[in-house]
Amino acid sequence: MEVYDYIIVGAGSSGNPVARALSEDSSVKVLLLEAGPHADRFWVNTPAGMAKLYFDKLLNWNYHTEPMAKLEGRSMYWPRGKALGGSSSINGMVFIRGHRNDFDSWRDLGNPGWGYEDVLPYFRDMEHFERRSDKWRGQGGPLWVSDPVVKLKSSFDFIEAATRLEIPEREDMNGAEHDGVGFMQHTIKNGRRFSAYSAFTRPVTGRPNLTIRTAVEVQRVLFEGHTATGVEVLENGSLRKIEAAREIILSCGAINTPKLLMLSGVGPASEIIPHGIPLVLERPGVGRNLQDHFYIHTGWRSTTDSSYNASLVGLWKYWEGFKYLMTHKGYLALGSSQVAAFVKSRPEEPYADLQISFRPMTFQFLPSGEARVEKEPGLGVSVYQLRPRTTGTVTLRSAHASDKAVCTPNFLNHGDDVEAMISGIKKIREIMNTEPIRSRVLGEDVPGSNVKTDEDIYRFMEKTGNSAHHQVGTCKMGSDAMSVVDERLRFRGLERLRVVDASVMPHLTSGNTNAPSIMIGVKGAHMIKADAVCRRTSHG
């Protein structure tokens, strides 16, 4: 039987930093397992290719939620990355750390070492911010962080309009101040997507003590009593076991990590025993506390020079493609959004609870699932609530690892969430009807002038509301009865097992979740090395 010191399940945003750090010690053997394939493909490396990856059958898990009563019985599509790099290989590449209060709240919920001042050194060490290094930002780290290579005049006008509404402009929302309006940053290097795999693992693949395997589906974690000893995997059609002499690290994400735990007999007994799975440990918090950012999109018809739609349709798209191939610049080198405004839904909020994102282009989803840029010039503006009150669940569909988990997010089940989102739509309209962006707008296309009252907006949210694809929280860290891991990310009640991914977040961060997910991997690896458990005695 194969034996490794550390087995990391999942080569995503958190798993890759763990693999890099643990394999720095040449005396330990590290195995990184990924269910998907390699991701070195043209449309993965091309930032604008994210639209083509949205429904990709090979690189994407293609999850769907259960039908939701509050959304007219709709089932919502949830793409998640299934490749080296995980969701960082298919996402919009937005890099936003979150508000300092997010992390201070994690600390205050029983997680010493996770306050903002505690995690800031890891954020700094993990990045190479191409513009500068200072108290807040780092250079020389593995992860490249850049500004948009093209900044349209309409983006500057959106920022100016927001400032006229007393939203302060921020030169760097990953710096000293988070709330306000400014240009987004992205994990893009020299015009190419820079995934967690590209940043952390690809440069060290030559290490003889690091083994990376793709197309390997982990079926369950193996235990002797309450000690994790290995994993059972399906590879090339065959089941086999791989042992871990030191620790197993689960980095499968907020959906697959709780699913794998329950398949292994760990979690709520009520979700495990009915499927005929032997119960190893009852831990009621596994799969609970699911959180996600509920997302509403608006669209605006605009003057031609305000949007780059025309450059991505017809014959012009071939010129844009040629330009990208020659220079790795132009519109194909841009991330998903240009500008963000972090604002309050009501004055009583202690800090911004809404993220409004602006992009100088619009697209539509065809019945085939393809995302296609619209022919008419347009501006896209979206909003989501940063700290929703609603939580959901991830549970098992069956005892078969090949069956996808049951995802029930319970969107709009709390009145505060509904009020915040309605406020967000109104704030978008207020900004878009303020000069100088107002002069670029020819009309409101979505939701349209017929959507006027709060009731109208609510019905619009019911019909069109979606997910920002920021699922977290299903194995939260903390010290209460529903906590799954402690502040060292060690599984409570089990030995030699940790969870290191977005599922450990006690609650969502204020913004896109990729940057904090990577930070969790970097900090988690540091703790694993510092704790340095000895090899199990059966392996000498």
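Worth saying up front: this structure is predicted, and the values here are computed from it rather than measured. Numbering starts at 1 and runs along the sequence shown. Computation of the quantities below employed the complete heavy-atom set of this structure, encompassing side-chain atoms and omitting hydrogens, waters and symmetry-equivalent molecules.
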A.B. asks: Minimum heavy-atom separation for Val499 to Cys475, with atom names?
C.D. replies: CG1-CB, 4.3 Å
A.B. asks: How about Asn512 and Tyr384: does a side-chain donor come under 3.5 Å of a side-chain acceptor?
C.D. replies: yes
A.B. asks: If every non-hydrogen atom of Asp501 is compared with every non-hydrogen atom of Cys252, which pair is closest and at what distance?
C.D. replies: OD2-N, 3.2 Å
A.B. asks: So, Asp353 and Gln385: side-chain donor and acceptor under 3.5 Å apart, yes or no?
C.D. replies: no
A.B. asks: Answer yes if the side chains of Asn450 and Asp456 hold a donor-acceptor pair under 3.5 Å, and no otherwise.
C.D. replies: no
A.B. asks: Judged by modelled atom types alone, do Asp102 and Ser105 share a side-chain donor-acceptor pair under 3.5 Å?
C.D. replies: no
A.B. asks: Applying salt bridge (Lys or Arg N to Asp or Glu O under 4.0 Å), can you list everything that pairs with Asp108, at least two apart in sequence or on another chain?
C.D. replies: none
A.B. asks: Heavy atoms only: give me the nearest Met173-Gly180 pair and the separation to one decimal.
C.D. replies: SD-O, 3.9 Å
A.B. asks: Can you list the residues that meet the side-chain contact (heavy atoms from CB on, under 4.5 Å) rule with Ala161, with sequence neighbours excluded?
C.D. replies: Ile431, Thr434, Pro436, Ile437
A.B. asks: Can we call the ring centroids of Phe123 and Phe95 under 6.0 Å apart?
C.D. replies: no
A.B. asks: Just wondering, are more than 12 heavy atoms of other shown residues or ligands nearer than 6.0 Å to NZ in Lys404?
C.D. replies: yes
A.B. asks: Does any donor atom in the side chain of Tyr54 or His469 lie under 3.5 Å from an acceptor atom in the other side chain?
C.D. replies: yes
A.B. asks: Go through the structure and list residues passing ring-ring contact (aromatic ring centres under 6.0 Å, His included) with Phe342, not counting sequence neighbours.
C.D. replies: His178
A.B. asks: Determine whether a donor-acceptor pair (N or O, by modelled atom type, separation under 3.5 Å) exists between the side chain of Ser503 and the backbone of Thr474.
C.D. replies: no
A.B. asks: Return the orientation label for the Tyr77 and His64 ring planes: parallel under 30°, perpendicular over 60°, tilted otherwise.
C.D. replies: tilted
A.B. asks: Hey, could you give me the CZ/OG distance between Arg192 and Ser198, rounded to the nearest 0.5 Å?
C.D. replies: 8.0 Å
A.B. asks: Could you measure the distance from the CZ atom of Phe183 to the CG atom of Asp147? Nearest 0.5 Å is fine.
C.D. replies: 9.0 Å
A.B. asks: Verify whether one side chain among Asn433 and Glu444 offers a donor that lies under 3.5 Å from an acceptor in the other.
C.D. replies: no
A.B. asks: Less than 4.0 angstrom from a charged side-chain N to a carboxylate O is my criterion; do Glu348 and Arg346 meet it?
C.D. replies: yes
A.B. asks: Side chains of Glu435 and Ser439 only: does a donor on one sit below 3.5 Å from an acceptor on the other?
C.D. replies: yes
A.B. asks: Step by step, would you call Glu127 with Arg97 a salt bridge (charged side-chain N to carboxylate O under 4.0 Å, His left out)?
C.D. replies: CA-CA 11 Å; Glu127 75 174 358; Arg97 293 172 176 176; 3.0 Å; yes
A.B. asks: Just jot down the salt bridge (Lys or Arg N to Asp or Glu O under 4.0 Å) partners of Arg80, sequence neighbours excluded, or say none.
C.D. replies: none
A.B. asks: Measure from the side-chain N and O atoms of Thr257 to the backbone N and O of Ala254, and report whether any donor-acceptor pair falls under 3.5 Å.
C.D. replies: no
A.B. asks: Would you say Thr391 and Asn289 are linked by a side-chain donor-acceptor pair, where the criterion is simply a distance under 3.5 Å?
C.D. replies: no
A.B. asks: Ion pair present between Arg100 and Glu177, side-chain N to carboxylate O less than 4.0 angstrom?
C.D. replies: no
A.B. asks: Distance-only, no hydrogens or angles: does the Ser337 side chain make a donor-acceptor pair with backbone N or O of Arg359 under 3.5 Å?
C.D. replies: no
A.B. asks: Main chain of Ser13, side chain of Asn16: is a donor-acceptor contact present, judged purely on distance under 3.5 Å?
C.D. replies: no
A.B. asks: Among pairs that include at least one residue of residues 392-431, which meet ring-ring contact (aromatic ring centres under 6.0 Å, His included), considering only residues two or more places apart or in two chains?
C.D. replies: Phe294-Phe411
A.B. asks: Among residues at least two apart in sequence or on other chains, which ones pass ring-ring contact (aromatic ring centres under 6.0 Å, His included) with His275?
C.D. replies: none
A.B. asks: Go through the structure and list residues passing side-chain contact (heavy atoms from CB on, under 4.5 Å) with Lys153, not counting sequence neighbours.
C.D. replies: Arg440
A.B. asks: Hey, could you give me the CG/CG distance between Asn62 and Asp56, rounded to the nearest 0.5 Å?
C.D. replies: 7.5 Å
A.B. asks: Apply the ring-ring contact (aromatic ring centres under 6.0 Å, His included) test between Phe358 and each candidate in Phe156, Phe158, Trp300; give the one that qualifies.
C.D. replies: Phe158
A.B. asks: With sequence neighbours excluded, tell me which residues meet ring-ring contact (aromatic ring centres under 6.0 Å, His included) with Trp319.
C.D. replies: Phe322
A.B. asks: Is it true that Glu430 and Lys426 make a salt bridge, defined as a side-chain N closer than 4.0 Å to a carboxylate O?
C.D. replies: no
A.B. asks: Residues two or more places apart in sequence or in another chain: which of them pass ring-ring contact (aromatic ring centres under 6.0 Å, His included) with Tyr324?
C.D. replies: His328
A.B. asks: So, Thr362 versus Asn309: side-chain donor-acceptor pair below 3.5 Å or not?
C.D. replies: yes
A.B. asks: Which heavy atom of Leu386 sits nearest a heavy atom of Ala352, and at what distance?
C.D. replies: CD1-O, 3.5 Å
A.B. asks: What's the shortest heavy-atom distance between His186 and Pro148, and which atoms?
C.D. replies: CE1-CG, 4.1 Å
A.B. asks: Which pairs, with at least one residue in residues 285-301 and sequence neighbours excluded, count as a salt bridge (charged side-chain N to carboxylate O under 4.0 Å, His left out)?
C.D. replies: Glu271-Arg288, Arg301-Glu374, Arg301-Asp445
A.B. asks: Sequence neighbours left out, what passes salt bridge (Lys or Arg N to Asp or Glu O under 4.0 Å) with Asp416? Give chain and number order.
C.D. replies: Arg389
A.B. asks: Using every non-hydrogen atom in the two residues, find where Glu320 and Leu332 come nearest and quote the distance to one decimal.
C.D. replies: O-CD1, 4.0 Å
A.B. asks: Are a donor atom and an acceptor atom from the side chains of Asn413 and Thr390 found within less than 3.5 Å of each other?
C.D. replies: no
A.B. asks: For Arg459, enumerate each residue passing the salt bridge (Lys or Arg N to Asp or Glu O under 4.0 Å) test, keeping only those at least two apart in sequence or located in another chain.
C.D. replies: Glu455, Glu462
